[in-house]
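Keep in mind that the numbers below use all heavy atoms, side chains included, and drop hydrogens, waters and symmetry copies.
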Amino acid sequence: MQTLEITRPDDWHIHLRDGDALPHTVADASRYFGRAIVMPNLTPPVRNLIEANAYRQRIIQALPTSGHQVTPLMVLYLTDNTTEADIADAAASDTVFAAKLYPAGATTNSDSGVTSIEKLYPVIAAMEKYGLPLLVHGEVTDADIDIFDREARFIERHLTPIATNFPDLKMVLEHITTADAAQFVSGASANIAATITAHHMLYNRNHMLAGGIRPHYYCLPILKRNTHQQALINAATSGSPKFFLGTDSAPHARHRKETDCGCAGCYTAYAAIELYAEAFEAADKLDKLEAFASFYGPDFYGLPRNSDTIILHKNSWTAPEQLPLGSDTIYPLRGGEQLQWQLA
Ligand SMILES: NC(=O)N[C@@H](CC(=O)O)C(=O)O
Ligand SMILES: [Zn+2]
Ligand SMILES: [Zn+2]
């Protein structure tokens with residue numbers, strides 16, 4: 001049996017949600033991730049250090065009592081009312097590691113997001129000054145911009161100006177989905193990086209739309225055409241330290257995805273590294289998985305790499321068709337289908 005031993009990975013983009021969902025999401029994230037950058041898009045969102053620390057406590061209370069435990073790294077949710085003092089407090093803490101820019105209306109729970117990125121510039125200046133990374137959901141929201149073009153337009157309109165105006169800002173373009181984004185990040189300075197999900201490496205929009213509409217493949221930014229998928233595979237497996245693992249595992253109750261207006265988000269945390277291993281193996285680049293999953297993320301954030309390892313076996317198994325999420329159930333990505341890699 002083929003075996004793969006890699007340094008313990010971290011997840012640099014995950015949604016753990018809150019309340020009775022937490023025991024489930026936290027247990028899945030704890031299977032092997034050392035640390036997790038925890039997205040702040042709760043309702044209400046995590047807007048300041050006090051709210052971040054309270055959420056962190058709720059996560060810690062939900063950690064499994066035996067076995068490995070993931071360490072939550074908290075993130076602030078930027079709003080039109082975020083102040084430079086909010087940034088200073090967060091940067092001085094040892095619990096908050098970044099702040100997240102959601103353009104208002106761009107994605108799940110982004111209603112409190114930023115309505116004018118230019119008005120946010122003083123806050124971004126503070127992030128540059130204090131060295132707090134800016135994490136970006138990079139999509140414009142204009143009704144007249146095609147949903148498949150929203151990431152590329154965001155790069156031209158907003159990311160390029162931010163990068164020019166704040167040359168020392170640490171910035172992560174989250175869950176990139178286009179060749180345009182991969183190119184932008186590759187060509188940018190070393191303080192600009194990107195996370196890539198397993199599902200954007202494994203799938204393109206045909207998987208979601210050809211032969212029937214499959215709501216469990218619907219996430220934002222939306223899956224693009226296969227040439228973009230190939231660009232993401234190339235970026236993730238290139239060995240460039242600018243691209244690292246962020247699952248964007250985002251659970252939604254099954255009935256909220258299988259409905260007339262379904263939610264965006266795919267649940268992958270139950271088999272995240274297994275799905276990435278499959279994608280890297282398909283590209284014949286398994287040797288590049290460890291650095292993508294375990295080195296480049298902590299290097300970018302200025303944190304130590306994990307010192308222990310995990311082991312994966314090449315061994316086919318059937319993914320569960322559904323999983324509990326508090327009092328709801330979720331249909332995980334790949335539910336009921338075969339997975340190729342298994343955690344030892
Ligand atoms: N990716 C998604 O489709 N959904 C995420 C939000 C996000 O990361 O944009 C969620 O919170 O459900
Ligand atoms: Zn997002
Ligand atoms: Zn996300």
Side-chain angles (χ1 to χ4, degrees), residues 10-33 35-79 86 90 93 95-100 102 104-113 135 137 174-175 197 215-216 218-220 246-259 261-272 320-333 335:
D10 304 296
D11 189 346
W12 301 95
H13 182 134
I14 193 169
H15 300 269
L16 296 178
R17 310 301 192 210
D18 208 349
D20 65 359
L22 274 180
H24 302 286
T25 55
V26 169
D28 278 350
S30 288
R31 292 192 312 131
Y32 40 65
F33 284 126
R35 293 157 290 196
I37 279 277
V38 181
M39 287 296 134
N41 61 333
L42 308 179
T43 36
V46 179
R47 288 158 297 196
N48 52 49
L49 178 61
I50 291 170
E51 292 176 349
N53 283 341
Y55 183 31
R56 183 170 171 275
Q57 281 313 314
R58 298 197 293 279
I59 294 168
I60 287 172
Q61 273 157 23
L63 284 169
T65 46
S66 63
H68 180 73
Q69 297 181 328
V70 69
T71 300
L73 310 180
M74 308 312 291
V75 177
L76 295 193
Y77 183 117
L78 298 171
T79 72
D86 291 330
S93 78
T95 49
V96 175
F97 290 81
K100 179 80 188 269
Y102 291 100
T107 187
T108 306
N109 294 343
S110 62
D111 297 351
S112 314
L135 315 185
H137 180 108
E174 299 292 331
H175 48 42
T197 75
H216 296 286
Y218 177 62
C219 66
L220 290 169
T247 62
D248 193 22
S249 181
H252 291 277
R254 185 169 187 167
H255 68 92
R256 301 202 58 209
K257 285 187 73 68
E258 298 173 5
T259 178
C261 183
C263 296
C266 301
Y267 192 69
T268 51
Y270 79 104
E321 261 185 47
Q322 55 181 40
L323 291 168
L325 183 76
S327 50
D328 284 315
T329 54
I330 49 176
Y331 188 94
L333 196 79

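- Of the possible donor and acceptor atoms, one in the side chain of Lys257 sits under 3.5 Å from a partner among the backbone N and O of Cys263.
- Under the salt bridge (charged side-chain N to carboxylate O under 4.0 Å, His left out) criterion, the residue pairs touching residues 39-54 are Arg47-Glu51, with sequence neighbours excluded.
- Between Val75 and Val46, every side-chain heavy-atom pair lies at or beyond the 4.5 Å cut-off.
- Remark: His13 engages His15, His175 in a ring-ring contact (aromatic ring centres under 6.0 Å, His included) (not counting sequence neighbours).
- Between Phe97 and Pro72, every side-chain heavy-atom pair lies at or beyond the 4.5 Å cut-off.
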- prompt: Step by step, would you call Asp328 with His255 a side-chain contact (heavy atoms from CB on, under 4.5 Å)?
  reply: CA-CA 9 Å; Asp328 284 315; His255 68 92; 3.6 Å; yes

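- Of all the heavy atoms in Pro251 and Tyr267, the pair that sits closest is CB-CD1, 3.4 Å.
- In this structure, Ser110 contributes its side chain and Gly113 its backbone to no donor-acceptor pair below 3.5 Å.
- Looking at Pro45 and Asn109, their side chains never come closer than 4.5 Å, going by heavy atoms from C-beta outward.
- Across all non-hydrogen atoms, the minimal contact from Pro332 to Pro320 is CG-O, 3.4 Å.
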- Message: Could you go through Leu325 and Thr25, starting from their C-alpha distance and side-chain angles, then the distance that decides it, and tell me whether this counts as side-chain contact (heavy atoms from CB on, under 4.5 Å)?
- Response: CA-CA 8 Å; Leu325 183 76; Thr25 55; 3.9 Å; yes

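- Counting only heavy atoms from C-beta outward, the side chains of Met39 and Tyr102 approach each other to under 4.5 Å.
- Of all heavy-atom pairs between Arg35 and Val70, the closest is C-CG2, 3.8 Å.
- Of all heavy-atom pairs spanning Ala29 and Leu16, the tightest one is CB-CD2, 4.2 Å.
- The nearest pair of heavy atoms linking Tyr55 to Val38 is CE2-CG1, 3.6 Å.
- Sorted by first and then second residue, the side chain to side chain donor-acceptor pair (under 3.5 Å) pairs involving residues 57-70 (not counting sequence neighbours) are Asp18-Arg58.
- Heavy-atom minimum distance, Ile330 versus His252: CG2-O, 3.0 Å.
- Taking a 6.0 Å sphere around CD1 of Ile50, one finds it holds 12 or fewer heavy atoms contributed by other residues, nucleotides or ligands.
- You'll find the side chain of His137 reaches within 4.5 Å of the side chain of Leu220, heavy atoms only.
- With hydrogens and angles left out, the side-chain atoms of Asp11 and Thr247 include a donor and acceptor closer than 3.5 Å.
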